[in-house]
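Order of the sequence lines fixes the chain letters, A, B, ..., with proteins taken first and strands second; residue numbering starts at 1 for each chain. In this text the structure is predicted, and so the values were computed from the model without any measurement.
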Protein chains: 2
Amino acid sequence: MTKPRQQDAPPVVEHVSDDTLRQFVGYHVKRAMNVIQGDLAKTLRPFDLRMVTYSALVLIVDNPGLRQSQLATAMDVERPNLVVIIDELERRDLILREKVPTDRRAYALMPTLAGRQLCDKAIAAVKAHEARLLAGLAPPEIKEVVRALSQIELRGSEE
Amino acid sequence: MTKPRQQDAPPVVEHVSDDTLRQFVGYHVKRAMNVIQGDLAKTLRPFDLRMVTYSALVLIVDNPGLRQSQLATAMDVERPNLVVIIDELERRDLILREKVPTDRRAYALMPTLAGRQLCDKAIAAVKAHEARLLAGLAPPEIKEVVRALSQIELRGSEE
DNA sequence: TATAATAGTTATAATTCATAACTATTAGAG
DNA sequence: CTCTAATAGTTATGAATTATAACTATTATA
């Protein structure tokens, strides 16, 4: 005999079980990602940055002179969608589109001083917030996680 | 002296470095998530399911009788957005909205036989695909990753 | 009984993501 | 060397996802 049910009424669910989904690593990744994304958004708000503008800025600071198409590929964003991101960063004078004399179709993306400074501050803030999220995890554990996630990422690119 | 640059031209970036972002676990989670999400979408396409409809179906099969608001909370989806998801599953006769005699505002979500069957098949397919993504990772490593991700998830909910 | 709260819905806006087509320019085949 | 194809960036646009306000019906509570 199963749970007693009055008449023909549907069972009342007191606690929702997601055990089946929990067997999938992907589910855990998704839920962790939700938390991380929410935390990141909150962290970046004071800098008036979103996740995309933040990562674009970091990549430009780290790779001064790169082209928009390179950045789009690195960020896994369609070229048309990158345009507005770059527009926004340029409008705020965090980066600039520098003309490339050897190829007049392309722009070399360069960070400004303000861009580098904001980037540094944002990175520091993100670092602090991430540390709080990862509190309770020992460094070797974290290394292990990163290794595993990289492995998954790799599997994806070799399709 | 740094890299030689002809005249005043911006440096040419041959390889885009994302080392700065790689220091963040969140970045790795995001990139792994992209791969997983793409793989999942491909896996579910033959069943005419998307990630949201799939997880909704699984949760309904595992928790027959649950209410839409419970499901919305479990899935981290706004109630209005869940309506169309449930509509879709119901239209395909995978689930049904059963009237609750004790509360005439609410619907108890129940899977149909077809729903349970499709769910089983989809779960099997996802399991197989995930196994391929995780090939190269030993079971204890996977356990470690899940533990770490759960920890992150937890940190988020205790804000 | 009156008021507040809840379940589900509708309508709608904001945001994100994807696609086609265009201009200007460069590279490559012949 | 010229013609064609390919590339960089852009514009326009649409699809999909996500979020918000307000509504109906019903239940819980003061």
To the nearest angstrom, how far is B:K30 atom NZ from C:dC17 atom C1'? 11 Å
Calculate the interatomic distance between B:D76 atom CG and D:dA19 atom C1'; express it in whole Å. 13 Å
Give a yes or no answer on whether the side chain of B:T43 reaches the backbone of B:D39 with a donor-acceptor pair at less than 3.5 Å. yes
Atom OH of A:Y107 and atom C1' of C:dT23 are separated, to the nearest Å, by 12 Å
Below 4.0 angstrom from OP1 or OP2 of C:dT16, is there any side-chain N or O of A:R50? yes
Would you tell me if any nitrogen or oxygen in the side chain of B:Q68 comes within less than 4.0 Å of OP1 or OP2 on C:dT9? yes
Indicate whether OP1 or OP2 belonging to C:dG8 is found under 4.0 Å from a side-chain N or O atom of B:S69. yes
For A:R97 and D:dT10, is the shortest distance between a side-chain N/O and OP1 or OP2 below 4.0 Å? yes
Name the residue closer to the 5' end of DNA chain D, choosing between A:A106 and A:N81 according to the nucleotide with the nearest heavy atom. A:A106
Mind calculating the distance between CZ (A:R79) and P (D:dA6) to the nearest angstrom? 15 Å
For A:T112 and A:D93, indicate whether the former's side chain and the latter's backbone hold a donor-acceptor pair under 3.5 Å. yes
Quick check: on DNA chain C, is the nucleotide nearest A:D103 upstream (toward 5') of the one nearest B:D103, or the reverse? Name the residue that is more 5'. B:D103
Mark yes or no for whether B:R147, through its side chain, and A:E141, through its backbone, hold a donor-acceptor pair below 3.5 Å. no
Taking B:L82's backbone N and O only, do any of them form a donor-acceptor pair with B:Q68's side chain (distance below 3.5 Å, no angle check)? no
Between A:E90 (CD) and D:dT10 (P), how many Å, whole number? 9 Å
To the nearest Å, how far apart are A:I85 CD1 and D:dT10 P? 12 Å
Judged by atom type as modelled, is there a donor-acceptor pair below 3.5 Å linking the side chain of B:E130 to the main-chain atoms of A:V25? yes
Interatomic distance, B:E98 CD vs C:dA7 C1' [rounded to whole Å]: 17 Å
Which nucleotide sits closest to the side chain of A:P80: D:dT27, D:dG9, D:dT11? D:dT11
Less than 3.5 Å between a donor and an acceptor, one on the side chain of B:R105 and one on the base of C:dT6, is that the case here? yes
Between C1' of D:dT27 and CZ of B:R104, the distance in whole Å: 10 Å
